[in-house]
Amino acid sequence: MQNKRWTALVATMAVSSIVLFGGWSFYRHQMIETPLQSTIQQIDTVQQAKVVWGPKQVTIELSLEPGADVRTVVQDVKRQANREQDKRNISIKINNEHTTPELERWWSQALFPVTEAMAHRSYGDIPIQLNKLAEGSGVAVKTEMDNEYVYVTLTAEKGKGSKVLLLPLNGESMGVWPNEQSNKTMA
């Protein structure tokens with residue numbers, strides 16, 4: 001008699017848990033995640049969007065058409081995501097599907113002066129340094145800035161490729177080696 005009560009209690013708790021948590025997962029996926037992703041994909045010049053929801057962060061990966069106005073797209077995405085994000089941090093990543101090896105080499109040469117300007121918070125030096133490096137290299141540089149990012153768009157000559165970079169204004173200091181922790185006490 002006692003065994004039947006425990007079995008019924010455990011079965012009821014298991015079914016209730018499955019319905020409760022399964023229902024919440026279904027609701028979150030169908031009513032929050034999927035509409036946000038489809039809304040972002042409807043923004044002009046967004047080829048593809050992938051939204052990944054974490055407990056504390058929403059990561060949005062974007063594939064953009066070449067020549068897209070990156071600042072406008074990112075601001076539109078932020079506006080849409082802020083409606084649904086529920087106190088989560090929003091992280092936006094741009095997939096550079098249209099880059100070329102030449103642009104990657106050029107960016108690796110430009111990385112040091114850009115990193116130095118970011119570290120010293122001399123954001124006005126970034127366009128100056130990039131335009132100086134771009135002279136005669138066949139790379140066109142477009143830089144913009146808002147209160148969250150410095151946007152850098154690199155375009156190869158004759159439109160053969162492009163690379164988009166979002167440089168966060170409030171980012172962490174970068175260490176020299178990939179696994180090194182930054183030391184915030186050093187200037």
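Below, all heavy atoms of this structure are taken into account, side chains as well, without hydrogens, waters or symmetry copies.
One hydrophobic cluster, built from ILVMFWY side chains closer than 4.5 Å, holds both Tyr123 and Leu133.
Between the CE atom in Met145 and the CG atom in Leu167 there is a gap of 10.5 Å [rounded to 0.5 Å]. The structure places CD of Glu97 at 11.5 Å from CD of Glu65, a figure rounded to the nearest 0.5 Å. Rounded to the nearest 0.5 Å, atoms CG (Asn95) and CD (Gln47) are 10.0 Å apart. The structure places CD1 of Ile92 at 6.0 Å from CG of Leu62, a figure rounded to the nearest 0.5 Å. Asn96 contributes atom CG, which lies 8.5 Å from atom CG of Leu154 (distance to the nearest 0.5 angstrom). How far OG1 of Thr115 is from NE2 of His120: 10.5 Å, rounded to the nearest 0.5 Å.
Contact check for Val70 versus Tyr149: no side-chain heavy atoms found under the 4.5 Å cut-off. Looking only at side-chain heavy atoms (C-beta outward), Val77 and Ile43 come within less than 4.5 Å of each other. Put simply, the side chain of Trp107 reaches to within 4.5 Å of the side chain of Val114, judged on heavy atoms. Contact annotation: the side chain of Val46 approaches that of Val73 to within less than 4.5 Å [non-hydrogen atoms, C-beta and beyond]. The shortest distance between side-chain heavy atoms of Val152 and Val164 does not fall below 4.5 Å.
Glu148 is linked by a side-chain hydrogen bond (donor to acceptor under 3.5 Å, both in side chains) to Lys78, counting only residues two or more places apart in sequence or in another chain. Under the rule for a side-chain hydrogen bond (donor to acceptor under 3.5 Å, both in side chains), the partners of Thr59 that lie at least two apart in sequence or sit in another chain are Gln57. With sequence neighbours excluded, the residues forming a side-chain contact (heavy atoms from CB on, under 4.5 Å) with Leu9 are Trp6, Met13, listed by chain and number.
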- Chi angles and distances behind the side chain to side chain contact (heavy atoms under 4.5 Å, CB included) call for Thr153, Val141: CA-CA 6 Å; Thr153 304; Val141 177; over 6 Å; no
- Message: Does Ile60 form a side chain to side chain contact (heavy atoms under 4.5 Å, CB included) with Ile40? I'd like the steps, not just the answer.
- Response: CA-CA 9 Å; Ile60 301 169; Ile40 291 172; 3.9 Å; yes
- Task: Output, in order, the C-alpha distance, side-chain angles, deciding distance and verdict of side chain to side chain contact (heavy atoms under 4.5 Å, CB included) for Ile126 and Ile128.
- Result: CA-CA 5 Å; Ile126 293 172; Ile128 296 167; over 6 Å; no
- Quick one: do Thr72 and Asp69 satisfy side-chain hydrogen bond (donor to acceptor under 3.5 Å, both in side chains)? Show the steps, please. CA-CA 6 Å; Thr72 304; Asp69 183 1; 2.6 Å; yes
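A side-chain hydrogen bond (donor to acceptor under 3.5 Å, both in side chains) check over residues 10-22, counting only residues at least two apart or in different chains, returns nothing. The side-chain hydrogen bond (donor to acceptor under 3.5 Å, both in side chains) pairs that include a residue from residues 130-146 are Arg71-Glu144, Gln75-Asp146, Trp106-Ser137, Asp146-Tyr151, where partners are two or more places apart or lie in different chains. Among pairs with a residue in residues 98-117, those fulfilling salt bridge (Lys or Arg N to Asp or Glu O under 4.0 Å) read Glu102-Arg105, Glu104-Lys163, at least two apart in sequence or across chains.
The side chain to side chain contact (heavy atoms under 4.5 Å, CB included) test with Ser63 singles out one residue from Gln41, His98, Gln48, and that residue is Gln48.
In plain terms, the two heavy atoms of Ala117 and Asp125 that are nearest each other are CB-CB, 4.2 Å. Annotation for Pro168 and Met118: closest pair O-CE, 3.2 Å, computed over non-hydrogen atoms.
At distances below 3.5 Å, at least one donor-acceptor pair connects side-chain atoms of Thr100 with backbone N or O atoms of Leu103.
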